[in-house]
Asker: 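The structure's right below; bear with me while I get my questions together.
None of the values given here were measured: they were computed from a predicted structure. Residues: numbered from 1 along the sequence shown.
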Amino acid sequence: MPIRPIEDIDKLRRINEALVSRVERSMEQQGNAFSLFQTAINLETRVRTRTEELRATLRHLEQSNLELVAAKENAEQANLSKTRFLAAASHDVLQPLNAAHLSISALAELQTGEEGRKLVRQVERSLETMEDLLRTLLDISKLDAGVVQPEVGDVPLEPLFSSLKSDFQPWAANKGLKLRFRPTHAVVRSDRTLLRRILQNIISNAIRYTKTGGVLVGMRYRGTVLRIDVVDTGSGIPNDQRLAVFEEFHRGTVTADSDLAGGLGLGLAIVRRMVDALGHRVDFSSVLGRGTVFHIDVPLAFGAHAELVAASNEPEKPRGYGLFGTKVLLIENDDAVLEAMKLLLERWRCDVRAATSTDDAIDALGDTGWVPDVIIADQHLDHGDLGTTTIVEARDYLQRQVPALLITADASETLSRTARSGGIELMRKPVKPAQLRALLAHLLA
């Protein structure tokens with residue numbers, strides 16, 4: 001078929017433009033398709049790379065988690081090991097410390113000159129500081145290891161306050177300070193021993209850092225919580241030390257006015273741990289140079305506003321200190337402690353028979369006509385014997401419930417419960433002779 005010539009130039013141009021446009025569109029589509037293809041390949045590569053990176057990160061996290069778990073277990077084990085070591089070390093150190101307390105007390109009675117009595121008092125203060133440090137380090141170790149299990153119950157505050165006032169009143173009076181406790185019939189839910197230690201440490205700090213004025217212990221009801229306030233007119237705490245005061249061995253600024261000779265810087269550190277163990281809350285507000293108020297929030301017990309009979313909650317006071325002629329069966333396996341205790345009791349005109357084990361104790365009771373008025377025993381004796389068991393066997397042998405006192409460095413709650421259930425009084429080593437004499441008089445009254 002013959003092709004007719006196109007004479008219309010404009011028409012030819014339009015046809016050319018249309019063809020060019022179609023070709024361009026076709027090329028653009030092909031280019032877009034190729035671009036999309038390349039993009040898809042790039043995305044797939046990036047996704048694969050990121051996936052591998054995520055997998056590597058997850059593997060690293062899993063490994064880190066395993067290492068953290070292992071490290072946590074090692075730390076917990078180390079904490080428990082530290083607690084066991086400190087408990088054992090404290091027991092071993094408290095034994096000669098106890099002997100030293102008893103010996104220095106006997107020595108004090110022999111002193112006739114003021115210079116000798118002054119030296120005895122200095123030694124006693126040093127021994128008490130060492131004892132406080134050992135006990136506090138052991139308590140902190142136990143709290144950190146989580147081995148302290150609070151025994152939460154209803155705690156009447158009035159007997160607790162009376163006990164604390166009796167402890168701190170002489171110190172406050174000696175410094176010329178007023179120490180007041182607001183009367184209360186409140187009953188809170190807490191562990192009596194731990195709550196007492198918390199208040200004891202805070203009140204001790206308040207008196208130590210107060211030069212003039214005094215210390216007031218009061219409380220405020222806040223719904224189901226009782227806020228116990230310990231208010232002092234002391235030197236105050238700077239704002240930059242608000243967190244540091246709860247750290248170990250932190251002490252306030254030592255000035256010529258401050259009473260820091262016996263301070264170890266551990267009081268508030270152990271307060272924080274005890275408060276956390278009990279689930280209570282502690283905080284404070286302070287004005288530098290004017291004083292500090294510590295707040296302890298403790299849950300109220302049910303019926304906390306009921307009237308309490310104070311006499312039923314207070315321990316019976318000793319009715320005398322006459323120990324002349326008292327027959328004492330003393331059971332102790334540490335030679336130094338045994339000798340010091342025997343010397344002290346004999347200075348009090350007691351008739352003492354000593355033993356180091358259960359068999360020795362029964363042998364000491366074998367003489368006809370000698371029946372002890374009181375039994376004093378250590379818990380850990382020779383041949384693996386236990387003081388609690390020895391007391392029971394001695395009572396069975398005598399067929400009478402002889403008053404008994406267990407003196408030990410073992411601070412476990414299990415032992416405390418065993419002693420209570422057996423009607424046995426318990427004292428912790430090192431023993432303060434005045435307390436021992438008062439307790440013996442109480443047991444014999």
Asker: Using a 4.5 Å cut-off on heavy atoms from C-beta on, say whether the side chain of V231 contacts that of T292.
Answerer: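 Answer no - side chains too far apart.
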
Asker: Identify the heavy atoms of D154 and A301 that sit nearest to each other, and give their distance.
Answerer: OD1-CB, 3.4 Å

Asker: Please tell me if the side chains of I202 and I296 come closer than 4.5 Å, counting only heavy atoms from C-beta onward.
Answerer: yes

Asker: Minimum heavy-atom separation for T358 and E393, please, with both atom names.
Answerer: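 Where T358 meets E393 most closely, the heavy atoms are CG2-OE1, 3.3 Å.
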
Asker: Which pair of non-hydrogen atoms, one from A404 and one from L443, has the smallest distance, and what is that distance?
Answerer: O-CD1, 4.3 Å

Asker: Let me confirm one number: the CD-CG distance from E425 to L440, rounded to the nearest 0.5 Å.
Answerer: 10.0 Å

Asker: Do T233 and R290 get their side chains close enough for a donor-acceptor pair, meaning under 3.5 Å?
Answerer: no

Asker: Under a 3.5 Å threshold, yes or no: a donor from one side chain and an acceptor from the other, between H380 and T408?
Answerer: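 The answer is no; no qualifying pair exists.
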
Asker: Taking salt bridge (Lys or Arg N to Asp or Glu O under 4.0 Å) as the test, write out the residues that go with E67, two or more places apart.
Answerer: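 Not a single residue meets the salt bridge (Lys or Arg N to Asp or Glu O under 4.0 Å) criterion with E67.
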
Asker: I would like to know whether V187 and V155 meet side chain to side chain contact (heavy atoms under 4.5 Å, CB included); could you show each step before the answer?
Answerer: CA-CA 5 Å; V187 182; V155 181; 5.6 Å; no

Asker: Give a yes or no on whether the backbone of E151 and the side-chain of D191 come within a donor-acceptor separation of less than 3.5 Å.
Answerer: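 Confirmed, D191 side chain pairs with E151 backbone.
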
Asker: Taking C-beta and beyond as the side chain, do R281 and R227 meet within less than 4.5 Å on heavy atoms?
Answerer: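 A side-chain contact under 4.5 Å exists here.
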
Asker: Could you check whether any side-chain heavy atom of W171 comes within less than 4.5 Å of a side-chain heavy atom of R208, counting everything from C-beta outward?
Answerer: yes

Asker: Do side-chain atoms of S166 reach the backbone of S162 as a donor and acceptor pair under 3.5 angstrom?
Answerer: no

Asker: Answer yes or no: are there more than 12 heavy-atom neighbours, outside R395 itself, under 6.0 Å from its atom CZ?
Answerer: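 Enclosed: over 12 neighbouring heavy atoms sit under 6.0 Å from CZ of R395.
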
Asker: When rounded to the nearest 0.5 angstrom, what is the spacing between SG in C350 and CG in L444?
Answerer: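 Rounded to the nearest 0.5 Å, the SG-CG separation comes out at 8.0 Å.
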
Asker: Is R189 reaching over with its side chain to a backbone N or O of L300, donor-acceptor style, under 3.5 angstrom?
Answerer: no

Asker: Would you compute the distance between atom CD1 of I331 and atom CD1 of I376 and round it to the nearest 0.5 angstrom?
Answerer: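 Reported to 0.5 Å precision, the distance equals 9.5 Å.
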
Asker: Is there a side-chain contact between S163 and R196, using heavy atoms and a 4.5 Å cut-off?
Answerer: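 A side-chain contact under 4.5 Å exists here.
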
Asker: Does Q379 reach the main-chain N or O of L406 with its side chain, forming a donor-acceptor pair under 3.5 Å?
Answerer: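 Answer holds: no.
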
Asker: Just by distance, no angles: are the side chains of D229 and H295 close enough, under 3.5 Å, to form a donor-acceptor pair?
Answerer: yes

Asker: Measure across D373 and G325 and return the closest heavy-atom pair with its distance rounded to 0.1 Å.
Answerer: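 Scanning both residues, the minimum pair turns out to be OD2-O, 4.1 Å.
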
Asker: State the CZ-NZ distance between R180 and K178, to the nearest 0.5 angstrom.
Answerer: 7.0 Å

Asker: Show, in sequence, the C-alpha distance, side-chain angles and deciding distance for V298 and I228, and conclude whether the side chain to side chain contact (heavy atoms under 4.5 Å, CB included) test is met.
Answerer: CA-CA 8 Å; V298 187; I228 302 173; 4.2 Å; yes

Asker: Looking at every heavy atom in both M341 and L436, which two are closest together, and how far apart are they?
Answerer: SD-CD2, 3.7 Å

Asker: Are side-chain heavy atoms of R59 and L61 found at a separation under 4.5 Å?
Answerer: no

Asker: With side chain to side chain contact (heavy atoms under 4.5 Å, CB included) as the criterion, how do K211 and S235 come out once you've worked through the C-alpha distance, each side chain's angles and the decisive distance to 0.1 Å?
Answerer: CA-CA 8 Å; K211 179 187 175 185; S235 56; over 6 Å; no

Asker: Give, for atom CD of Q63 and atom CG of L66, the distance between the pair rounded to the nearest 0.5 Å.
Answerer: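 Here the interatomic distance stands at 5.5 Å.
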
Asker: Hey, is the main chain of N333 close enough, under 3.5 Å, to the side chain of T356 for a donor-acceptor pair?
Answerer: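 Side chain of T356 to backbone of N333: no pair is present.
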
Asker: Between CG of L179 and CG of D232, what distance do you get to the nearest 0.5 Å?
Answerer: 11.5 Å

Asker: Applying side chain to side chain contact (heavy atoms under 4.5 Å, CB included) to I198 and L278, what does each step give before you reach the verdict?
Answerer: CA-CA 11 Å; I198 290 168; L278 288 167; 3.8 Å; yes

Asker: Which residue pairs satisfy the side chain to side chain donor-acceptor pair (under 3.5 Å) criterion with at least one member in residues 343-352, sequence neighbours excluded?
Answerer: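 Residue pairs with at least one partner in residues 343-352: E109-W348, K342-E346, D351-W370.
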
Asker: Do V230 and F284 touch side chain to side chain, with heavy atoms closer than 4.5 Å?
Answerer: no

Asker: Could you pull out the closest heavy-atom pair between T210 and L177, with the gap in Å?
Answerer: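 That would be O-CD1, 3.6 Å.
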
Asker: Any non-hydrogen side-chain atom of L386 less than 4.5 Å from a side-chain atom of L381?
Answerer: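 No, too far: nothing below the 4.5 Å cut-off.
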
Asker: Counting only N and O atoms by type, is there a donor-acceptor contact under 3.5 Å from the side chain of S204 to the main-chain atoms of Q200?
Answerer: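 No; zero donor-acceptor contacts below 3.5 Å.
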
Asker: Inspect the surroundings of CG in D335 and state if more than 12 heavy atoms from other residues, nucleotides or ligands are less than 6.0 Å away.
Answerer: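 Atom CG in D335 is not crowded, with 12 or fewer foreign heavy atoms closer than 6.0 Å.
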
